[in-house]
Amino acid sequence: EVQLQQSGPELEKPGASVKISCKASGYSFTGYNMNWVKQSNGKSLEWIGNIDPYYGGTSYNQKFKGKATLTVDKSSSTAYMQLKSLTSEDSAVYYCARREALYYAMDYWGQGTSVTVSS
Amino acid sequence: EILLTQSPAIIAASPGEKVTITCSASSSVSYMNWYQQKPGSSPKIWIYGISNLASGVPARFSGSGSGTSFSFTINSMEAEDVATYYCQQRSSYPPTFGGGTKLEIK
């Protein structure tokens with residue numbers, strides 16, 4: 001069974017950084033691109049970027065360049081997203097989602113990680 | 001960036017009623033994916049590649065369309081279909097999502 005298990009909720013102060021993890025199981029981690037998606041306050045979904053776990057190559061939404069950094073640890077089948085220089089605008093739920101290869105649909109999602117930025 | 005406009009933003013349907021959601025793209029796209037999200041849960045892939053139902057999705061759901069106009073249809077509304085549905089394109093970077101359609105039951 002494919003599972004993406006994300007790390008727990010985070011409460012950070014403005015200006016801080018946070019690193020969210022997404023541990024994959026039930027499939028070949030290096031065989032599928034991993035995406036990250038932001039959902040602010042129950043609103044719509046924004047694609048942040050993706051990473052190819054095999055080669056480590058990344059693509060970012062221009063809006064999140066400089067804000068988000070995607071990495072992986074192949075040895076533990078875990079993807080990470082670091083967000084830096086946090087502001088209240090970064091308060092949201094962040095999802096990791098596996099991308100299937102044919103239609104680029106995000107076919108499995110993590111449970112989401114809530115990030116709250118507050119002084 | 002391709003903008004996806006979903007309509008309606010909110011719709012209420014009676015059990016057994018047919019429901020149609022549209023997704024209009026600002027530029028032509030090759031494929032459209034649809035996701036279902038229930039409150040407090042992660043999105044789930046529902047329809048991919050325009051018209052392919054994801055595993056476990058009931059046959060009362062369907063997707064169609066091409067170019068800049070796509071549709072998501074429920075043939076006969078059931079209570080378990082209450083959710084927000086999002087369209088998503090991947091033809092052009094960055095991948096983008098529609099604003100969502102909240103489906104309620106009357």
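Here is how names work: the chains are called A, B, and so on, in the same order as the sequence lines, proteins then strands, and each is numbered from 1. None of the values given here were measured: they were computed from a predicted structure.
- Sparse packing is recorded around NZ of Lys18(B), with 12 or fewer heavy atoms of other residues, nucleotides or ligands lying under 6.0 Å away.
- Only the side chain of Tyr95(A) comes within contact range of chain B, judged by heavy atoms closer than 4.5 Å.
- Counting heavy-atom pairs under 4.5 Å between each of Gln88(B), Met32(B), Gln37(B) and chain A puts Gln37(B) at the top.
- Taking hydrophobic clusters as Ile, Leu, Val, Met, Phe, Trp and Tyr residues chained together by side-chain heavy-atom distances below 4.5 Å, Ile47(B) shares a cluster with Leu4(B).
- Residue Lys63(A): no heavy atom, backbone or side chain, is found under 4.5 Å from chain B.
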Q.
For Trp47(A) and Tyr93(B): C-alpha separation, side-chain torsions, deciding distance, then whether side-chain contact (heavy atoms from CB on, under 4.5 Å) applies.
A. CA-CA 10 Å; Trp47(A) 181 79; Tyr93(B) 265 74; 3.4 Å; yes
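- In this pair, Tyr31(B) and Tyr103(A) present their aromatic rings perpendicular. The plane angle is above 60°, beyond the 30 to 60° band.
- A donor-acceptor pair is defined here as one N or O able to donate and one able to accept, closer than 3.5 Å; such a pair exists between the side chain of Tyr35(B) and the backbone of Met106(A).
- Of the possible polar contacts, one joining the Ser42(B) side chain to the Gly110(A) backbone as a donor-acceptor pair under 3.5 Å is found.
- Counting heavy-atom pairs closer than 4.5 Å to chain B, the top-ranked of the candidates Glu46(A), Gln111(A), Gln39(A), Lys43(A) is Gln39(A).
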Q) side-chain hydrogen bond (donor to acceptor under 3.5 Å, both in side chains) between Gln62(A) and Glu1(B): does it pass, once the steps are laid out? A) CA-CA 10 Å; Gln62(A) 185 67 32; Glu1(B) 173 173 320; over 6 Å; no
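- Leu53(B) and Leu102(A) fall within the same hydrophobic cluster, defined by Ile, Leu, Val, Met, Phe, Trp and Tyr side-chain heavy atoms under 4.5 Å apart, directly or through other members.
- Within residues 94-104 of chain B, the residues that have a heavy atom under 4.5 Å from a heavy atom of chain A are Pro94(B), Pro95(B), Phe97(B), Gly98(B), Gly99(B), listed by number.
- Among Asn61(A), Asp107(A), Leu45(A), Val37(A), the residue making the largest number of heavy-atom pairs under 4.5 Å with chain B is Leu45(A).
- Under a hydrophobic clustering in which Ile, Leu, Val, Met, Phe, Trp and Tyr are joined whenever their side-chain heavy atoms come within less than 4.5 Å, directly or via other members, Ile45(B) and Tyr27(A) fall into different clusters.
- Neither the backbone nor the side chain of Asn35(A) comes within contact range of chain B, judged by heavy atoms closer than 4.5 Å.
- Residues Tyr32(A) and Val2(A) fall within the same hydrophobic cluster, defined by Ile, Leu, Val, Met, Phe, Trp and Tyr side chains chained together at heavy-atom separations under 4.5 Å.
- In this structure, no portion of Ser30(B) lies under 4.5 Å from any heavy atom of chain A.
- Hydrophobic cluster membership is shared by Ile21(B) and Met77(B), with clusters built from Ile, Leu, Val, Met, Phe, Trp and Tyr side chains linked at under 4.5 angstrom.
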